[in-house]
Every structure is written in C-alpha cells, then in structure tokens.
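Here's the structure we're looking at; comments come further down.
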Amino acid sequence: MQVEINSYAQLKLPSFHQNACFYTRRSLEQCTSERVARFKASLFKGNHILILAAGLGIDDWAFSSTFKQVVAVDPDEELNAIAGYNNILMKRGNIERITLTAEAFIAHNTRRFDLIYIDPDRRNEGQRQILLSQHQPDVIALVPELKKISEKLLVKCSPMYDHEMGAKELGNITDVYIISYKGEVKEMLLCC
C-alpha cells in the first residue's frame with residue numbers, strides 16, 4: 001500500500017517522503033500539505049500549543065518550529081503511533097501525542113496554552129459536513145471549555161463554510177485566513 005501512495009506523498013509531503021515517513025492512504029488524503037502547514041505555522045508562535053483532532057501530525061510538525069511545546073490530541077491510537085514514529089524520523093522532540101478524544105482531554109486538562117488549533121473531522125458517515133456543530137469533535141460544544149485554557153482559538157473550516165456563520169457560532173472572530181495554493185483554496189482558518 002505504501003508503494004501505491006508514494007508518488008502522491010512525494011508531492012504533498014516532500015520532507016516526510018524524503019525521510020521515509022509512514023502514512024496510510026486515508027491519513028495522507030486528509031492531512032494538510034507540508035507547504036500549507038509551514039505557512040500556517042509561520043502566522044503564530046509561542047510557548048505552548050494544543051492541537052485537537054491532530055490526525056497524521058503534519059500541523060504538529062509545522063507548529064513545532066514556532067512553538068516550544070506541541071501537545072497533539074487524537075483518538076486514533078494507530079494514527080498516533082504513526083505520527084510518533086514520523087516525529088522521530090523528522091527529529092521533532094517537542095511534540096507530545098495523546099490518544100484521547102478532545103472532550104476527554106479537555107475534561108482532565110490543567111494546562112494553559114498560547115493557542116489551541118482544532119482541525120475537526122468534517123466527514124460524518126461518508127458525507128462531508130459544513131457546520132462546525134456537525135464536525136467531530138463538535139467545535140461549538142467545546143468552545144466554552146477551550147476559552148478557559150487559552151485566550152486564542154484557531155479553527156480550520158471547510159473552504160465552503162460561511163465565515164459570517166462562524167461569527168455567529170464562535171463569536172469574537174478576530175481574523176479570517178483563506179489559504180490557497182496553486183489557485184485552489186485549501187483551508188479557511190477562523191481565529192477567535
């Protein structure tokens with residue numbers, strides 16, 4: 001299976017490919033491209049960042065260059081093992097991967113973070129979901145608890161999501177980032 005997806009990985013994740021990192025077909029399809037992740041990380045810096053719904057860990061890797069400590073939470077144990085293995089290959093020792101749901105982590109967390117980045121799964125039963133409350137985890141339900149542990153929240157949304165709806169759902173949006181690469185919108189980020 002790795003051989004089949006190798007050429008796609010070489011284009012999307014050149015540094016990871018060069019270091020013989022591992023990925024599954026689904027994780028590669030859903031992850032942020034290396035170039036977009038680097039750009040996104042260049043917008044923020046600090047001491048501690050929490051990444052919820054961390055996936056394959058490309059954003060973890062990018063943010064580990066601009067934050068001293070990255071705490072990345074994802075409920076998929078296999079994906080966390082893959083990301084941990086890749087972090088070793090990529091020589092990133094400041095990333096802590098935790099196998100929990102976002103809700104479980106938040107319920108027991110005592111730390112504060114300079115930034116919380118959440119990249120919720122927008123697929124529910126094979127269909128793409130647009131509303132933040134339909135994502136996994138439910139971003140809207142988490143916001144009150146997230147505000148207790150960080151003053152800044154960055155939410156990755158579908159490029160089709162209406163940022164005005166985001167202002168109603170999230171409240172207090174300070175910045176909207178639309179990231180495109182080679183003429184294609186890749187991500188919309190809402191900062192509040």
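Since this is a predicted model, take the numbers as computed values, not measurements.
Sorted by first and then second residue, the pairs that involve residues 60-81 and meet salt bridge (Lys or Arg N to Asp or Glu O under 4.0 Å), not counting sequence neighbours, are Asp60-Arg97.
Side-chain N or O atoms of Ser150 include none that pairs as donor or acceptor with a backbone N or O of Lys147 at under 3.5 Å. Of the possible donor and acceptor atoms, none in the side chain of Asp175 sits under 3.5 Å from a partner among the backbone N and O of Cys191. Between the side chain of Ser64 and the backbone N or O of Asn94 there is no donor-acceptor pair closer than 3.5 Å. Side-chain atoms of Ser33 come within 3.5 Å of backbone atoms of Val36 as a donor-acceptor pair (strictly under, hydrogens ignored).
For Glu184, the salt bridge (Lys or Arg N to Asp or Glu O under 4.0 Å) partners two or more places apart in sequence, or in a different chain, are Lys186. Shown here are the side chain to side chain contact (heavy atoms under 4.5 Å, CB included) partners of Thr66, two or more places apart in sequence or in another chain: Ala41, Lys45, Phe63. Partners of Ser42 under the side chain to side chain contact (heavy atoms under 4.5 Å, CB included) rule, at least two apart in sequence or in another chain, are Phe39. Residues forming a salt bridge (Lys or Arg N to Asp or Glu O under 4.0 Å) with Glu187 (at least two apart in sequence, or on another chain): Lys40, Lys156. Partners of Lys148 by side chain to side chain donor-acceptor pair (under 3.5 Å), not counting sequence neighbours, listed by chain and number: Glu145. Here Glu96 pairs with Arg111 under the salt bridge (Lys or Arg N to Asp or Glu O under 4.0 Å) rule; sequence neighbours left out. With sequence neighbours left out, the side chain to side chain donor-acceptor pair (under 3.5 Å) criterion links His17 to Asn6. In this structure, Ile88 has no side chain to side chain contact (heavy atoms under 4.5 Å, CB included) partners at least two apart in sequence or on a different chain. By the side chain to side chain donor-acceptor pair (under 3.5 Å) test, Arg35 is found to be paired with Tyr181, residues two or more places apart in sequence or in another chain being considered. With sequence neighbours excluded, the residues satisfying side chain to side chain contact (heavy atoms under 4.5 Å, CB included) with Val176 are His163, Ile173, Ile178, Met188, Leu190. Under the side chain to side chain donor-acceptor pair (under 3.5 Å) criterion, Gln69 pairs with no residue, sequence neighbours left out.
Salt bridge absent: Glu164 and Lys168 never bring a charged side-chain N and a carboxylate O closer than 4.0 Å.
Ile118 has its side chain out of reach of Leu154: every pair of non-hydrogen atoms, C-beta onward, lies at least 4.5 Å apart. Between Asn86 and Phe22, some side-chain heavy-atom pair lies under the 4.5 Å cut-off. Between Arg112 and Glu151, some side-chain heavy-atom pair lies under the 4.5 Å cut-off. Using a 4.5 Å heavy-atom cutoff, the side chains of Ser7 and Lys12 are not in contact. At least one side-chain heavy atom of Asn109 sits under 4.5 Å from a side-chain heavy atom of Ile149. With a 4.5 Å cut-off on side-chain heavy atoms, Tyr23 and Leu56 count as touching. Counting only heavy atoms from C-beta outward, the side chains of Val71 and Ile98 approach each other to under 4.5 Å.
When hydrophobic clusters are built by joining Ile, Leu, Val, Met, Phe, Trp and Tyr residues whose side-chain heavy atoms come closer than 4.5 Å, directly or via intermediates, Ile51 is grouped together with Ile179. Leu170 and Phe113 fall within the same hydrophobic cluster, defined by Ile, Leu, Val, Met, Phe, Trp and Tyr side-chain heavy atoms under 4.5 Å apart, directly or through other members. Clustering ILVMFWY residues whenever any of their side-chain heavy atoms sit less than 4.5 angstrom apart, transitively, puts Val185 in a cluster other than the one holding Leu43. Under the 4.5 Å side-chain heavy-atom criterion for grouping Ile, Leu, Val, Met, Phe, Trp and Tyr, Phe105 is connected to Ile116 within one hydrophobic cluster.
Ring planes of Phe16 and Trp61: perpendicular class, angle over 60° (limits at 30 and 60°).
Closest of all the heavy-atom pairs between Leu50 and Val73 is CD1-CG2, 3.9 Å. Contact record, Glu34 with Leu13: OE1-C, 3.3 Å, taken as the closest heavy-atom pair.
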Check your understanding: Do Arg38 and Ser15 pass the side-chain hydrogen bond (donor to acceptor under 3.5 Å, both in side chains) test, and can you show the C-alpha distance, the side-chain angles, and the key distance before you say yes or no?
Key -> CA-CA 12 Å; Arg38 283 182 195 223; Ser15 297; 3.2 Å; yes
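For OH of Tyr85, the number of neighbouring non-hydrogen atoms (other residues, nucleotides, ligands) closer than 6.0 Å is 12 at most.
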